[in-house]
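This report refers to the structure that appears directly beneath it.
Everything quoted here is computed from the prediction, not taken from an experiment.
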Amino acid sequence: MLKSLLALSFVLVSAPMALSQSKSVYTSLAADKCKTVSLNAGMAGNATTRCDGVGGYKLEFYLDDGRNSIGVVLPSEKTAGLDLWDHFSNFSELGETAEWRIKGKKPVALIVRLKVSDKGDEGSPSSYLIVSKLNRTTACVTDIVKPGKGQNAKAQGLADRALSRPCKKAGRH
């Protein structure tokens, strides 16, 4: 009887925690999976493309002078630019996958990879993970996770707490 009571209490305590945990949903940022919204004919290669998202959100991928950034298209169709070029001035390239952190059925955070040529022409680019919080009215960068061991797990942990974190001020990394 005691074992049954302990097992039942464990289920009752752990069930709400399991429901509140975040999960990941992935969408593509690959050029062939997104739609070109605008193209600057005067500056070859400058473009805006729109990619599918989740939960009423979409993403806009910006290319300008060899640097990439991203914007979150909110369910209201308003776009919140994440302005990654305000954090990195060197040439950059977005990864091809967006990771959406979901609580219940609601997207609460976004993680994208940004490869930055922060060593100039020497060596390979550094691969950062950009964590942003999402809500119905806005989105902003909360954390930039530097390359290193456990980078993905660290970014996911920060994303799961993103709603309570402040927006990151622009500054070079």
Side-chain angles (χ1 to χ4, degrees), residues 14-34 49-64 66-75 79-120 122-136 138-173:
S14 61
M17 290 188 320
L19 291 174
S20 68
Q21 289 188 352
S22 297
K23 67 176 184 173
S24 293
V25 174
Y26 299 90
T27 59
S28 180
L29 294 173
D32 63 338
K33 304 285 185 198
C34 301
T49 57
R50 188 168 281 192
C51 308
D52 290 334
V54 296
Y57 292 86
K58 296 180 180 105
L59 295 175
E60 283 190 348
F61 175 120
Y62 309 118
L63 173 61
D64 185 5
R67 297 176 301 151
N68 290 177
S69 190
I70 199 163
V72 177
V73 182
L74 306 169
T79 301
L82 299 182
D83 302 326
L84 302 182
W85 31 58
D86 289 347
H87 298 282
F88 299 95
S89 59
N90 294 350
F91 294 123
S92 61
E93 177 184 354
L94 276 167
E96 291 194 352
T97 304
E99 179 178 359
W100 302 83
R101 295 298 283 174
I102 311 291
K103 282 192 181 176
K105 294 183 179 184
K106 181 180 160 189
V108 295
L110 172 71
I111 302 170
V112 295
R113 186 168 299 280
L114 187 68
K115 296 173 234 168
V116 180
S117 299
D118 51 6
K119 297 172 185 129
E122 305 299 318
S124 58
S126 297
S127 185
Y128 296 89
L129 289 176
I130 311 301
V131 179
S132 302
K133 66 180 171 182
L134 308 172
N135 65 46
R136 293 299 223 188
T138 192
C140 69
V141 173
T142 58
D143 294 279
I144 297 173
V145 182
K146 294 179 180 180
K149 186 175 182 177
Q151 182 189 39
N152 290 338
K154 183 175 182 182
Q156 287 175 337
L158 289 166
D160 292 346
R161 297 185 308 276
L163 289 176
S164 65
R165 297 183 58 76
C167 295
K168 191 164 194 61
K169 294 186 189 311
R172 303 294 182 213
H173 294 268

Checklist entry - Between Tyr128 and Leu84, is any pair of side-chain heavy atoms under 4.5 Å apart? => result no
Item to check | Spacing of Lys169 atom NZ and Asp86 atom CG [to the nearest 0.5 Å] | outcome: 13.0 Å
Checklist entry - Side-chain contact, heavy-atom cut-off 4.5 Å: Ser24 with Trp100? => result no
Item to check | Side-chain donor/acceptor of Thr27 to backbone N/O of Gly53, under 3.5 Å | outcome: no
Next on the checklist: Please check: side-chain N/O of Asp143 versus main-chain N/O of Val131, any donor-acceptor pairing under 3.5 Å?
Outcome noted: no
Next on the checklist: Here's a test for you: under side chain to side chain contact (heavy atoms under 4.5 Å, CB included), which of Arg161, Gln156, Arg101 qualifies with Ser22?
Outcome noted: Arg101
Checklist entry - Can any side-chain N or O of Asn135 pair as donor or acceptor with the backbone N or O of Thr138 at less than 3.5 Å? => result yes
Item to check | Nearest-0.5 Å distance that lies between atom OG1 in Thr79 and atom OH in Tyr62 | outcome: 5.0 Å
Checklist outcome for this item: Looking only at heavy atoms, the pair that brings Thr97 and Tyr26 closest together is CG2-CD2, 3.8 Å
Item to check | Contacts of Ala30 that satisfy side-chain contact (heavy atoms from CB on, under 4.5 Å) - sequence neighbours left out | outcome: Ser28, Asp32, Lys33, Glu96
Checklist entry - So, Arg113 versus Ser127: side-chain donor-acceptor pair below 3.5 Å or not? => result yes
Checklist entry - Looking at Ser117 and Asn90, what are the two nearest heavy atoms and their distance? => result O-ND2, 3.0 Å
Checklist entry - With sequence neighbours excluded, what pairs up with Arg50 under the salt bridge (charged side-chain N to carboxylate O under 4.0 Å, His left out) test? => result Glu60, Glu77
Checklist entry - Do Leu59 and Val72 pass the side-chain contact (heavy atoms from CB on, under 4.5 Å) test, and can you show the C-alpha distance, the side-chain angles, and the key distance before you say yes or no? => result CA-CA 5 Å; Leu59 295 175; Val72 177; 4.0 Å; yes
Checklist entry - Just wondering, do Leu29 and Ile70 contact through their side chains at under 4.5 Å, heavy atoms? => result yes
Checklist entry - Is there side-chain contact between Lys168 and Thr142, with heavy atoms separated by less than 4.5 Å? => result no
Checklist outcome for this item: Distance col, row Ser164:OG vs Lys133:NZ, nearest 0.5 angstrom, shows 7.5 Å
Checklist entry - Taking all atoms of both residues into account, what is the closest heavy-atom pair of Val141 and Ile144, and its distance? => result CG1-CG1, 4.2 Å
Item to check | Shortest non-hydrogen separation from Ala155 to Leu129 and the atoms involved | outcome: CB-CD1, 3.7 Å
Checklist entry - Just wondering, more than 12 heavy atoms not from Asp52 lying within 6.0 Å of its CG? => result no
Item to check | Shortest non-hydrogen contact between Ala159 and Ala109, atoms and distance | outcome: O-CB, 3.4 Å
Next on the checklist: Could you tell me if the side chain of Tyr57 sits less than 4.5 Å from the side chain of Leu74, heavy atoms only?
Outcome noted: yes
Checklist entry - Where do Ala139 and Leu134 come nearest, in terms of heavy atoms and distance? => result CB-CD2, 3.8 Å
Item to check | Nearest-0.5 Å distance, NE2 of residue His87 to CD1 of residue Ile130 | outcome: 7.5 Å
Item to check | Spacing of Asn152 atom CG and Ile111 atom CD1 [to the nearest 0.5 Å] | outcome: 8.0 Å
Checklist entry - Is there a side-chain contact between Val116 and Pro125, using heavy atoms and a 4.5 Å cut-off? => result no
Item to check | pair Val112-Leu82: side-chain heavy atoms closer than 4.5 Å | outcome: no
Checklist entry - Does Lys154 use its side chain to pair, donor to acceptor, with the backbone of Lys146 at less than 3.5 Å? => result no
Checklist outcome for this item: d(Lys58 NZ, Cys34 SG) to nearest 0.5 Å is 12.0 Å
